[in-house]
Amino acid sequence: MSENSAPLETPPAPGAPAVEIHLQDCVAGMGTLLAAGSVDVVVTSPPYNLGIAYNTHDDRAPRDEYLEWTDAWARSVQRVLAPGGSLFLNVGGKPTDPFVPFDVLAVMRRHFALQNVLHWVKSIAVMRSEVGNYPGMETDLVVGHYKPINSPRFVNDCHEYIFHLTHHGDVPLDRLAVGVPYRDKSNVTRWKGGGSDVHCRGNTWFLPYPTIMRRARDRPHPATFPPSLPDRCLRLHGLERARLVLDPFMGLGSTAVACARLGVPCVGFEIDPEYREEALARARAAGASG
């Protein structure tokens, strides 16, 4: 543990996974603290450079500088990621700057293969009239949360990307670990492999987040994903092959929380002391040691 990392304050529970969050730039930290090929899964969401008001990070760099920085941390992740490892990269844009995810992906392409494109759906509307006489659906379904956009040009932005990147695009996944049951149970006997009554969820993931009543209390970080996102990513990769998880941009610690709940060791980096302390507290509450 480096001098800039902090242990969790409560005694670890028996078998509790270790979590280390270093108060350090991730490129420097990965270079000095992590050996080549030592990380099995990376789940992260870097700053999008959209002018978000972080405590410490300046999110308004010129695009070429931002992409040069993206290339630097991507090369660091490539070095520490194990040969059979997975990088799950959450990136979003905004209506007036929709190319951010694709610009970032173009940089990632220099270092990784794009194995899957997953869609994090935050809110969705399913009208009963559009699905017909579907069993169990008695009314329209409108669920989830989003930030309303008041504009005559744009629709509300209810989704972000999760790019699943690997070294060569050939990492086997535990697809049924995040599978869903068959709605039509005749498929259980009709299809090969359907005997477990679970099929692949696909690449659209509905992952809502709790309603935010007071930002300072409920979400002191301006941009974070819910622990359910890294939870699902880790299960998809395969928990038995996730011996060490990394989040280079730890934020409020959602990846650490998911790892604590799943019993997986986790290491991360965060440059803001306030966010790091909150991440440590949340990981501690989830049962991590450190």
Side-chain angles (χ1 to χ4, degrees), residues 1-2 5-8 12-13 15-24 26-27 29-46 73-74 76-91 108 111-112 115-116 118 120 162-167 171-174 177-178 205 207 221 224-270 275-276 278-290:
M1 183 175 297
S2 74
S5 66
L8 302 177
V19 169
E20 288 189 8
I21 302 175
H22 302 275
L23 186 63
Q24 188 176 12
C26 66
V27 175
M30 284 187 279
T32 58
L33 298 176
L34 296 176
S38 61
V39 173
D40 297 299
V41 186
V42 180
V43 185
T44 196
S45 183
W73 69 255
S76 296
V77 170
Q78 180 193 41
R79 185 188 71 86
V80 302
L81 188 66
S86 289
L87 162 59
F88 293 93
L89 177 63
N90 167 225
V91 188
M108 294 295 121
H111 311 289
F112 302 97
Q115 186 164 329
N116 288 283
L118 307 167
W120 170 19
I162 305 170
F163 298 126
H164 173 223
L165 301 149
T166 60
H167 286 296
V171 173
L173 300 175
D174 192 354
V178 295
W205 291 3
L207 292 164
H221 188 287
T224 187
F225 50 64
S228 56
L229 188 153
D231 178 285
R232 194 169 292 178
C233 292
L234 293 171
R235 292 180 187 275
L236 177 62
H237 175 81
L239 289 180
E240 74 284 352
R241 294 182 290 113
R243 292 157 296 187
L244 180 62
V245 174
L246 165 68
D247 188 342
F249 306 97
M250 185 59 77
L252 297 186
S254 289
T255 299
V257 169
C259 287
R261 293 173 178 172
L262 293 171
V264 179
C266 178
V267 62
F269 300 92
E270 175 54 53
Y275 298 159
R276 173 174 167 257
E278 182 68 17
L280 288 166
R282 293 184 178 194
R284 178 174 63 247
S289 68

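The analysis underlying the following values was restricted to heavy atoms, covering all of them including side chains, and did not include hydrogens, waters or symmetry mates. Quick note: residue numbers are just sequence positions, from 1.
The side chain to side chain contact (heavy atoms under 4.5 Å, CB included) test with Val39 is passed by exactly one of Val77, Val80, Leu87: Val80.
Under the rule for a side-chain contact (heavy atoms from CB on, under 4.5 Å), Ala285 has no partner lying at least two apart in sequence or in another chain. Partners of Gln78 by side-chain hydrogen bond (donor to acceptor under 3.5 Å, both in side chains), not counting sequence neighbours: none found. With sequence neighbours excluded, the residues that form a ring pair (Phe, Tyr, Trp, His ring centres under 6.0 Å) with Phe163 are Tyr161. Not counting sequence neighbours, the partners of Thr166 by the side-chain hydrogen bond (donor to acceptor under 3.5 Å, both in side chains) test are Gln115. The salt bridge (Lys or Arg N to Asp or Glu O under 4.0 Å) test applied to Arg232 returns no partner, not counting sequence neighbours. Listed by chain and residue number, nothing satisfies the salt bridge (Lys or Arg N to Asp or Glu O under 4.0 Å) test with Arg79 (two or more places apart in sequence, or in another chain). Applying the side-chain hydrogen bond (donor to acceptor under 3.5 Å, both in side chains) criterion to Ser86, with sequence neighbours excluded, gives His164, His237.
Residue pairs satisfying the side chain to side chain donor-acceptor pair (under 3.5 Å) criterion with at least one member in residues 243-269, sequence neighbours excluded, are listed as follows: Asp40-Arg243, Thr44-Asp247, Asp247-Thr255. Residue pairs that meet the ring-ring contact (aromatic ring centres under 6.0 Å, His included) test with at least one member in residues 250-269, sequence neighbours left out, are His22-Phe269.
For the pair Leu236/Trp205, a side-chain contact is recorded, criterion being any heavy-atom separation below 4.5 Å from C-beta on. Using a 4.5 Å heavy-atom threshold, the side chains of Val41 and Leu246 count as separate. For the pair Val42 and Val245, the minimum side-chain heavy-atom distance is 4.5 Å or more. Here the side chains of Phe225 and Pro230 are in contact, with some heavy-atom distance below 4.5 Å. At a threshold of 4.5 Å between non-hydrogen side-chain atoms, the residues Ile162 and Asn116 do not count as touching. The shortest side-chain heavy-atom distance between His167 and Leu81 falls under the 4.5 Å cut-off.
Distance CG/Leu207 to CH2/Trp120: 7.5 Å, rounded to 0.5 Å. If you take OG1 on Thr224 and CG on Leu252, they are separated by 5.0 Å, rounding to the nearest 0.5 Å. Expressed to the nearest 0.5 Å, how far CZ of Arg241 lies from CG of Leu173 amounts to 7.0 Å. Summarising the geometry, atom SG belonging to Cys259 is positioned 9.5 Å from atom CG belonging to Asp231; distances are rounded to the nearest 0.5 Å. Residue Met30 holds its CE atom at 10.5 Å from OG of Ser38, rounded to the nearest 0.5 Å. Separating the CG atom in Leu33 from the CD atom in Gln24 is a distance of 5.5 Å, to the nearest 0.5 Å.
Residues Gly251 and Ala279 come closest through the heavy atom pair O-CB, 3.6 Å. The two atoms that bring Gly287 and Pro17 nearest to each other are O-CD, 4.1 Å, heavy atoms only. Closest approach of Cys266 to Met250, counting heavy atoms only: SG-CE, 4.0 Å. Leu89 and Pro46 get closest at one heavy-atom pair: CD1-CD, 3.4 Å. The two atoms that bring Pro248 and Cys26 nearest to each other are O-CB, 3.4 Å, heavy atoms only. Closest heavy-atom contact between Glu270 and Arg276: CG-N, 3.9 Å.
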Taking it one step at a time, do Arg235 and Leu262 satisfy side-chain contact (heavy atoms from CB on, under 4.5 Å)?
CA-CA 9 Å; Arg235 292 180 187 275; Leu262 293 171; 3.1 Å; yes
